[in-house]
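The next block holds one structure in the form of structure tokens; read it before the comments.
Quantities reported herein were computed from a predicted structural model and do not represent experimental measurements. We name chains A, B, ... by the order of the sequence lines, and we start the count at 1 in each one.
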2 protein chains.
Amino acid sequence: METINLNRLAYFVAVVDAGSFTRAAARLGITKTVVSQQVARLEADLRTSLLLRTTRRVEPTEAGRLLHARSVIILREAEDAFGEVAQVTTNPIGTLRIAAPNDFGTSTVAPLLAKFCRTYPACTVDLVLSDAKIDLIAHHIDVSMRVGWLDDSSQQARRIGAFRQLLVAAPDLARTISADVPDNLGQQPFIANGALREPLVWHFSRADFDRRSVRMRPAMTINATPGVLAATLAGGGLSVLPDFLVADPLQTGALVQILPDWSLPSGGIHAVYPAARFRPPKVTAFVAMLEAEVKRPSIAPH
Amino acid sequence: METINLNRLAYFVAVVDAGSFTRAAARLGITKTVVSQQVARLEADLRTSLLLRTTRRVEPTEAGRLLHARSVIILREAEDAFGEVAQVTTNPIGTLRIAAPNDFGTSTVAPLLAKFCRTYPACTVDLVLSDAKIDLIAHHIDVSMRVGWLDDSSQQARRIGAFRQLLVAAPDLARTISADVPDNLGQQPFIANGALREPLVWHFSRADFDRRSVRMRPAMTINATPGVLAATLAGGGLSVLPDFLVADPLQTGALVQILPDWSLPSGGIHAVYPAARFRPPKVTAFVAMLEAEVKRPSIAPH
DNA sequence: AACACTGTGTGCTATTCGCTTACAATGGAG
DNA sequence: CTCCATTGTAAGCGAATAGCACACAGTGTT
């Protein structure tokens with residue numbers, strides 16, 4: 001069957017409800033000519049007279065009454081549907097699926113979710129922790145947190161903060177290190193992070209001009225950052241860890257920063273969105289909250 | 001709120017159902033370009049992304065899933081509504097409201113209704129008997145039977161038959177009338193029909209050239225034709241009655257035709273429709289059946 | 001009988017629909 | 001890893017449609 005123009009239903013219903021083409025046109029904000037024409041076309045499409053017109057009165061035929069009753073329902077449902085969509089597009093509401101790497105997700109994102117759910121009670125959150133790069137669209141991810149360095153990607157991303165990488169060790173081990181330049185660090189036991197692209201070579205810099213590259217000697221390799229942290233806390237060796245993971249241990253003294261005058265390359269914290277024309281408010285709200293959290297002084301670069 | 005183009009819902013739903021713009025376009029019989037554009041406009045209207053597109057996969061967003069679920073319902077309801085209307089427009093179905101004058105309605109229309117309802121079981125009939133000319137539209141009349149002579153009217157009419165007017169009397173009275181020309185009929189007792197425009201002056205004609213006009217002398221005036229018939233059967237006088245009313249009495253001998261060589265003006269039997277572009281099949285079916293009935297030899301002009 | 005008002009027919013313009021062509025992106029095959 | 005088929009989108013174009021202003025015929029009221 002050929003498809004029928006649904007928009008004309010609204011015109012037709014308006015005429016029946018108003019009991020007049022003129023009033024319907026006024027209500028719709030268009031000319032009565034158009035209303036007359038559109039209804040006539042609807043009748044032509046259906047090959048039915050829907051309205052019997054006098055210059056004085058407009059009465060629906062049996063078919064007209066029938067169609068009117070059903071069209072009213074249809075139009076109200078459509079309006080409801082659009083209203084519901086409008087809710088989603090204007091308010092933070094619905095299910096927010098966040099992807100994050102295990103370390104950052106556990107240390108920073110997960111603690112924030114409680115506050116987020118409290119602030120936006122209409123939102124439900126799904127946090128998907130995974131260090132693998134997953135297909136945002138296939139997994140219905142609204143926003144993916146990426147920590148480190150973005151490879152070229154067509155997806156839309158926004159840098160919401162940065163993190164420093166800190167060379168740390170347990171206090172007992174740290175005491176044995178007296179050097180104030182990175183050159184000889186290769187002799188120290190090092191816990192390599194197998195999740196990084198280049199876990200062993202580190203580029204130190206100081207005061208914008210002093211640069212040293214050091215190749216570490218791995219005492220052990222662990223392929224997940226939280227594992228590296230645990231081994232480091234246990235005194236297994238030096239390691240390079242992001243600030244957001246070691247902020248607490250450093251404050252409590254469970255870890256000590258080695259060579260604090262030297263810095264390692266900083267990485268970015270990014271929110272990556274699937275390619276979409278419009279961003280749902282739930283996503284914007286969450287990213288804003290996370291950005292504020294990330295920029296809190298406790299883990300901000302000094 | 002501004003109105004949203006409902007037609008685009010069909011495009012959007014087709015894409016979600018097909019899981020691909022290309023397949024949706026094929027199914028809709030249009031180009032994928034159009035589908036892409038229409039969905040994009042729908043998204044612009046709603047200021048929401050409904051679909052996340054890859055060249056490989058199309059996934060609906062949360063808003064998209066929401067809208068899809070509701071749109072499917074809306075579209076199916078619309079299709080149902082159109083189907084129901086199509087029923088009414090293609091089959092004799094629904095309520096048929098017929099207006100007819102008391103005499104013709106009682107003598108001819110009413111007896112036919114049983115057959116009509118049997119032939120078209122999906123039809124219900126409302127027969128409105130009234131000698132007054134009523135507003136077809138205001139009373140939701142589908143077809144009005146008019147017997148006699150149509151005055152100028154903008155409404156659509158169709159002549160489905162004719163009737164003769166017969167000068168009749170009860171047999172006892174008829175025996176006292178020996179004249180074979182109408183000239184002296186004015187001396188006979190006459191039962192005038194007050195429902196006619198000119199109840200007393202009658203124009204007789206014979207053989208295409210012999211014409212006489214006679215003014216009758218009313219022994220009584222009755223303003224409803226069935227009453228005139230009753231009084232005539234009782235021997236109250238001569239009267240002029242339509243053939244469809246006196247067919248039976250003439251056959252049984254309860255009435256006798258006076259001056260059978262002379263004819264009185266014939267009138268038409270008309271079906272008058274309210275002004276409408278399309279005629280419902282129930283109306284067409286009824287008028288056809290009535291026309292066949294009217295043209296049956298028993299009451300056809302000789 | 002004059003009049004206000006209704007719905008419709010008629011030109012006319014702006015927007016939209018739909019097609020063809022061209023192109024960037026993506027995932028699979030070799 | 002490269003080639004290639006396929007997908008969705010952009011651009012340009014012609015046709016159909018929506019919408020307007022205007023004029024007009026019919027109808028009920030004053």
(message) For a quick check under 3.5 Å, do A:Arg97 and A:Thr95 share a side-chain donor-acceptor pair by atom type?
(response) no
(request) Looking at every strand, decide which applies to B:Thr54 at a 4.0 Å heavy-atom threshold: base, sugar-phosphate, or nothing. (result) sugar-phosphate
(request) Establish, for the pair A:Arg158 and A:Tyr273, whether the NZ or CZ atom is under 6.0 angstrom from the six-membered ring centre and no further than 45 degrees off its axis. (result) no
(request) Could you check which of C:dG9, D:dT17, C:dT6 has an atom nearest any side-chain atom of B:Arg277? (result) C:dG9
(request) Say whether B:Asn5 and B:Asp45, considering side chains only, have a donor N or O and an acceptor N or O under 3.5 Å apart. (result) no
(request) Would you work out how much the helix from C:dA1-D:dT30 to C:dG30-D:dC1 bends between its ends, with each end axis defined by five base pairs, to 10 degrees? (result) 30°
(request) Verify, without hydrogens or angle tests, whether A:Thr225 (side chain) and A:Asp103 (backbone) share a donor-acceptor contact under 3.5 angstrom. (result) no
(message) Nearest 0.5 angstrom please: A:Ile134 CD1 to A:Ile141 CD1, how far?
(response) 4.0 Å
(message) Which nucleotide wins on minimum distance to the side chain of B:Asn5, given the candidates C:dC17, C:dG7, C:dT21?
(response) C:dC17
(request) Residues of residues 34-44 of chain A with any non-hydrogen atom less than 4.0 angstrom from an atom of DNA chain C: list those, numerically ordered, please. (result) A:Ser36, A:Gln37
(message) Between A:Asp142 and A:Arg279 (salt bridge meaning N to carboxylate O under 4.0 Å), is one present in this structure?
(response) no
When the side chains of residues 20-30 of chain A are checked against the rest of the protein, which donor-acceptor pairs come out under 3.5 Å, sequence neighbours left out?
| residue | atom | partner | partner atom | Å |
| --- | --- | --- | --- | --- |
| A:Ser20 | OG | A:Thr22 | N | 3.1 |
| A:Ser20 | OG | A:Arg23 | N | 3.0 |
| A:Arg23 | NE | A:Ala18 | O | 3.1 |
| A:Arg23 | NH2 | A:Ala18 | O | 2.9 |

(message) Nearest to the B:Thr33 side chain among D:dT17, D:dG19, C:dT20, which nucleotide is it?
(response) C:dT20
(message) Between B:His140 and B:Asp126, do the side chains contain a donor N or O and an acceptor N or O under 3.5 Å apart?
(response) no
(request) Name the nucleic acid region contacted by A:Asn7, choosing base, sugar-phosphate or nothing; use a 4.0 angstrom heavy-atom cut-off, strictly under. (result) nothing
(request) Return the set of residues passing side-chain hydrogen bond (donor to acceptor under 3.5 Å, both in side chains) with B:Asp131 (not counting sequence neighbours), or none when no residue passes. (result) B:Asn102
(request) Using heavy atoms and a sub-4.0 Å distance, could you list which residues of residues 15-30 of chain B are near DNA chain D? By number, please. (result) B:Ser20, B:Phe21, B:Thr22
(request) Answer yes when A:Glu84 and B:Arg70 have at least one side-chain N-carboxylate O distance shorter than 4.0 Å, and no when they do not. (result) yes
(request) For A:Tyr11 and C:dG7, give me the distance from atom OH to atom C1', rounded to whole Å. (result) 17 Å
(message) Can you list everything that forms a side-chain contact (heavy atoms from CB on, under 4.5 Å) with B:Pro280? Sequence neighbours excluded, please.
(response) B:Lys282, B:Val283
